[in-house]
4 protein chains.
Amino acid sequence: MGGEQRRKELIALAYSIIAEKGFEGLRVRDVASRAGINGATLHYYFPTKEAMVQAVVEHLTEQFSTLREQNSELTDPLAMLRQEFADVTYRMEKFPELFIVAAELELRSLRDSSIAVILKEMYQAWQDYLAALLQNGVTQKVFRSDLDVQTTAIAITTLIRGLGSQLGSEKGDQISRIATQVEQWIMA
Amino acid sequence: MGGEQRRKELIALAYSIIAEKGFEGLRVRDVASRAGINGATLHYYFPTKEAMVQAVVEHLTEQFSTLREQNSELTDPLAMLRQEFADVTYRMEKFPELFIVAAELELRSLRDSSIAVILKEMYQAWQDYLAALLQNGVTQKVFRSDLDVQTTAIAITTLIRGLGSQLGSEKGDQISRIATQVEQWIMA
Amino acid sequence: MGGEQRRKELIALAYSIIAEKGFEGLRVRDVASRAGINGATLHYYFPTKEAMVQAVVEHLTEQFSTLREQNSELTDPLAMLRQEFADVTYRMEKFPELFIVAAELELRSLRDSSIAVILKEMYQAWQDYLAALLQNGVTQKVFRSDLDVQTTAIAITTLIRGLGSQLGSEKGDQISRIATQVEQWIMA
Amino acid sequence: MGGEQRRKELIALAYSIIAEKGFEGLRVRDVASRAGINGATLHYYFPTKEAMVQAVVEHLTEQFSTLREQNSELTDPLAMLRQEFADVTYRMEKFPELFIVAAELELRSLRDSSIAVILKEMYQAWQDYLAALLQNGVTQKVFRSDLDVQTTAIAITTLIRGLGSQLGSEKGDQISRIATQVEQWIMA
DNA sequence: GATGAATGAGCATTCATTCAT
DNA sequence: AATGAATGAATGCTCATTCAT
């Protein structure tokens with residue numbers, strides 16, 4: 001449908017405006033004008049600004065889970081962990097908005113429980129995936145036997161989330177050095 | 001000075017409002033009314049809202065560097081690292097706003113370079129302190145010899161910053177578990 | 001167009017408020033409420049108060065040059081000069097705001113060069129017209145041969161501008177007496 | 001008295017601010033700060049802003065009548081008229097604020113009858129002086145016999161008032177050219 | 001005389017939202 | 001689907017004025 005297409009366009013535009021200017025700088029009119037439509041028309045697609053934001057949240061979770069689905073053929077825990085870091089590095093360079101918008105949403109989730117729920121779910125899935133991966137590595141004796149997999153999963157996701165929302169041109173280097181460190185730490 | 005006192009009160013109030021509602025929810029009028037004064041009176045202390053925010057930023061950096069100064073008598077690297085985690089845990093429980101406001105500022109720093117400068121300085125001091133601590137530990141053979149101290153310092157600060165701005169009742173436990181893990185990882 | 005109509009209405013209302021209360025007394029809200037619309041709606045037509053004022057300036061120049069265009073069929077210099085005074089008298093009685101707003105703008109032009117430019121152009125055209133008229137009269141020996149036409153043109157326009165912004169019920173008489181004097185002075 | 005001195009200083013400062021920025025730009029605080037005192041202190045000298053403005057009006061009338069008193073020894077009508085133009089030229093160059101503030105007040109007098117009264121008195125005195133001068137010249141057959149002295153007096157004052165509030169670097173030349181013209185016109 | 005602190009009323013402007021067309 | 005026009009409720013900020021000290 002043309003209508004559904006436009007809706008998606010609007011969501012993507014709102015998404016990039018949030019990345020650019022934060023939630024603070026998100027204006028219904030701006031989203032509309034970037035799409036070449038009238039501000040009033042936008043309300044045809046979203047009854048309210050809040051509804052648009054909700055759609056952006058959903059958009060983010062989709063973006064977030066896109067890559068993981070494709071790498072499911074790997075089985076080697078270390079390779080999978082490395083792939084994880086590679087994914088993140090790739091996304092940080094290609095789609096830095098992803099991390100910025102995520103950070104904006106995390107902050108917002110402190111006051112908006114509906115966002116909190118969705119975000120929690122999103123990050124939980126990531127953590128679970130990592131925890132399973134790590135557990136697998138422990139079982140295969142690739143990773144050290146005294147590893148607290150749950151805590152490590154939390155640590156890795158938190159680390160990555162934090163790195164993502166920080167700025168810096170040498171981000172790619174940084175993350176690869178951190179990846180190397182983490183590997184060293186958890187390897188048997 | 002009565003005037004200076006009120007100024008500080010206003011900064012503290014703005015600070016807590018930012019923690020509660022984010023920058024998005026910061027209203028000059030709200031700060032004023034919480035202080036029991038007229039909105040116009042606030043402009044007697046701060047010519048502009050932006051000036052007030054700047055004062056809040058300075059307030060945050062002061063808050064941030066308060067505790068570290070007191071623990072300077074320690075010399076044992078491991079004890080110092082543990083103290084670092086203990087400090088953070090203490091602050092997260094007693095002054096969770098600290099981390100929330102910091103996270104708000106981090107996001108804002110993406111668009112406001114004057115904030116970026118101050119934050120960078122603030123975190124850099126922390127990282128330098130940690131790096132020195134870790135290096136000391138490596139030299140004393142308390143920490144493993146293949147430790148990349150710079151990267152580890154970045155990892156630890158990023159980890160803590162990330163944990164601080166996440167919510168959750170069991171935060172204290174989480175951080176102590178992570179502390180234990182990190183210890184295990186970096187010890188010789 | 002309904003929209004263009006309203007825009008003109010707003011300009012006319014701002015124009016009369018300036019005539020009534022001066023620039024000092026011009027309030028966006030007042031203009032809006034006289035038009036029966038919300039203050040915010042006015043900003044739909046003019047992005048800023050300053051833009052509205054600019055539109056008023058343009059309105060004034062249009063008003064100012066309206067009559068002259070109609071009298072272009074006259075050729076006798078004396079008749080044309082008399083017509084000029086008659087025009088002014090007519091306008092002073094029918095549209096006294098014209099002169100008051102013009103005087104307000106003249107004062108404002110001392111600090112706002114964009115207004116200065118427009119006013120200068122407006123008055124220059126008038127002076128040029130008068131100078132040509134006077135020169136014609138000199139050539140035709142209707143006016144005295146030692147007449148400094150440029151200076152006289154300046155004197156007459158300045159005189160009229162000054163009279164216009166002065167108040168007084170007997171203005172009509174005054175101007176006709178002055179007209180008679182000026183005639184006497186410049187006639188051969 | 002030191003107090004009376006300061007009062008005069010404040011009036012002079014308000015006077016120059018009006019010349020600079022118009023009534024629109026007159027701020028009690030600005031006047032005070034230029035005098036190096038607190039805005040509240042100014043209210044010790046003037047109960048209200050309006051009272052200060054009234055004092056400025058009086059100041060203007062004093063300024064206005066200063067020069068005339070000194071030239072009373074002249075008796076030749078033509079010399080006196082020339083002196084009048086010379087005075088005006090001198091003032092326009094040395095104290096252009098005089099004419100600007102006068103123009104501001106003229107406009108204000110349209111809405112403030114108390115100012116209108118004072119201004120009318122001020123200009124009337126000038127007109128009366130000029131009318132007497134002209135009448136004297138007619139009697140002495142220096143000026144043409146068909147001169148309408150009242151009207152001419154009005155015309156000359158209006159002309160000068162108008163020239164004064166117009167801007168332009170070549171003002172001095174302009175006024176002397178006009179003076180020459182007027183002389184030519186009214187001489188026998 | 002002078003000031004710091006406070007205030008109320010007001011001001012231009014912004015913004016999400018509504019609705020007839 | 002789309003828009004022009006409108007609105008109410010805010011928002012940051014200004015300013016003359018007040019008053020205790």
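Here is the naming used below: chain letters follow the sequence lines, and residue numbers restart at 1 for every chain. Scope of the values below: all heavy atoms of this structure, side chains included, with no hydrogens, waters or symmetry mates. In this text the structure is predicted, and so the values were computed from the model without any measurement.
Gln54(B) and Ser114(B) form a side-chain donor-acceptor contact under 3.5 Å, judged by distance and modelled atom types alone.
One can place CD of Glu24(D) at 17 Å from C1' of dA16(F), the figure rounded to the nearest angstrom. Distance Leu10(C) CG to dG4(F) P: 18 Å, rounded to the nearest Å. When rounded to the nearest whole Å, the span between CZ of Phe46(B) and C1' of dT11(F) equals 18 Å. One can place CE of Met52(D) at 8 Å from P of dA16(F), the figure rounded to the nearest angstrom. Between the CG atom of Leu42(D) and the C1' atom of dT3(E) there is a distance of 13 Å, given to the nearest Å. When the C1' atom of dC15(E) is taken as reference, atom NZ of Lys49(A) falls 8 Å away, rounded to whole Å. The distance between atom CD of Glu9(C) and atom P of dA5(F), rounded to the nearest whole Å, is 13 Å. Going from atom NE2 of His43(B) over to atom P of dG12(F) covers 8 Å, rounded to whole Å.
OP1 and OP2 of dT3(E) both lie 4.0 Å or more from every side-chain N or O belonging to Tyr44(D). Close to dG1(E), at under 4.0 Å from its OP1 or OP2, lies no side-chain N or O of Thr41(D). Checking the phosphate oxygens (OP1, OP2) of dC13(F), no side-chain nitrogen or oxygen of Arg29(B) falls inside 4.0 Å. Listed pair Arg6(C) / dA6(F) meets the phosphate criterion, a side-chain N or O lying under 4.0 Å from OP1 or OP2. Phosphate contact (OP1/OP2 of dG8(F), side-chain N/O of Asn38(C), threshold under 4.0 Å): present. Note on Thr48(D): a side-chain N or O is less than 4.0 Å away from OP1 or OP2 of dT17(F).
Side chains of Tyr45(D) and Met52(D) form no contact here, defined as non-hydrogen atoms less than 4.5 Å apart. Counting heavy atoms from C-beta outward, Leu98(C) and Val101(C) have side chains that stay 4.5 Å or more apart.
Comparing Ala40(C) and Pro47(D) by the nucleotide of DNA chain F that holds the closest heavy atom to each, the one mapping nearer the 5' end is Ala40(C). Mapping Gly36(A) and Ile37(C) onto DNA chain F by nearest heavy atom places Gly36(A) at the nucleotide closer to the 5' end.
For dA10(F), its base never sits under 3.5 Å from the side chain of Arg27(B) at any donor and acceptor pair.
You'll find that the side chain of Val28(A) is closest to dA16(E), out of dA16(E), dC15(E), dC19(F).
For CD of Glu50(A), the number of neighbouring non-hydrogen atoms (other residues, nucleotides, ligands) closer than 6.0 Å is greater than 12.
Nucleotide dG8(E) is matched to dC15(F) when pairs are restricted to Watson-Crick or G-U wobble geometry with both distances under 3.5 angstrom. Nucleotide dA20(F) forms a Watson-Crick or G-U wobble pair with dT3(E), both donor-acceptor distances falling under 3.5 Å.
Scanning all heavy atoms of the two residues, the minimum distance from Leu26(B) to Ala14(B) falls at CD1-O, 4.0 Å.
Tested against Met122(C) for a side chain to side chain contact (heavy atoms under 4.5 Å, CB included), the candidates Leu105(C), Val117(C), Leu60(C) yield a single pass: Leu60(C).
Counting non-hydrogen atoms under 4.0 angstrom, Leu26(C) reaches the backbone sugars and phosphates but no base.
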